[in-house]
Amino acid sequence: MGFKGIAIGGCIGSLYGPFGAILGALAGEYFERRMGRKAKNRAMKSASSHPLDRYYKILGSKRGDDFSTLQRRYRDLVKKRHPDVLRAQGAGEKEVARATEQMSEINAAWAVIQKDLERKDGYAHSVHK
């Protein structure tokens with residue numbers, strides 16, 4: 001138990017007599033766990049990346065890339081992982097099923113990124129009007 005937990009435990013212990021020691025110890029432990037969780041959550045929030053980074057990673061890109069680069073990467077992925085293309089190349093059914101799942105992820109990522117870029121462009125244009 002850290003200093004703050006001991007301080008709180010001591011205050012409660014002195015207020016409630018014989019049961020205060022037990023109550024104080026429990027309160028001190030609770031305080032330490034609670035503060036530890038808050039600090040951990042703060043650290044997790046500061047270390048976590050932007051929610052859109054996952055979608056950019058699916059496309060193999062970074063945030064801040066221009067629209068033409070993103071579009072080129074999206075089209076390259078579609079050409080490479082499209083289930084019909086893989087069937088034409090003689091791929092197995094398992095690989096085609098996996099490609100179908102990947103295409104749904106790629107399309108979802110592209111849709112989210114397009115919305116984000118439109119929102120940014122809309123805000124940029126509205127500022128300059």
Supply the atom-to-atom distance D76 CG to R73 CZ, rounded to the nearest 0.5 angstrom. 8.5 Å
Set of residues satisfying side-chain hydrogen bond (donor to acceptor under 3.5 Å, both in side chains) with respect to T69, sequence neighbours excluded: D66
Residue pairs involving residues 83-112 (criterion salt bridge (charged side-chain N to carboxylate O under 4.0 Å, His left out); sequence neighbours excluded): D84-R87
Does a side-chain heavy-atom distance below 4.5 Å link I113 with L52? no
Of K80, R81, H82, which meets side chain to side chain donor-acceptor pair (under 3.5 Å) against Q102? R81
Within a 6.0 Å radius of atom CZ on R63, are there more than 12 heavy atoms belonging to other residues, nucleotides or ligands? yes
So, taking the atom named CD in E118 and the one named CZ in F67, what distance separates them when rounded to the nearest 0.5 Å? 8.0 Å
From CA spacing to verdict: salt bridge (charged side-chain N to carboxylate O under 4.0 Å, His left out), D116, R119: CA-CA 5 Å; D116 183 51; R119 180 186 56 82; 2.6 Å; yes
Under a 4.5 Å side-chain heavy-atom rule over Ile, Leu, Val, Met, Phe, Trp and Tyr, are Y74 and L117 clustered together? yes
In terms of hydrophobic clusters joined by side-chain contacts under 4.5 Å, are I106 and V96 together? no
I58 with M103, same ILVMFWY side-chain cluster at under 4.5 Å: yes
Measure the shortest side-chain to side-chain distance between L70 and W110 over non-hydrogen atoms and say whether it is less than 4.5 angstrom. yes
Below 4.5 Å, heavy atoms only, C-beta onward: do V85 and K79 meet side chain to side chain? no
With side chain to side chain donor-acceptor pair (under 3.5 Å) as the test, would you mind laying out the steps for D65 and Y56 before giving the verdict? CA-CA 9 Å; D65 285 352; Y56 283 96; over 6 Å; no
Between the CG atom in L59 and the CD atom in Q71, the distance rounded to the nearest 0.5 Å is 11.5 Å
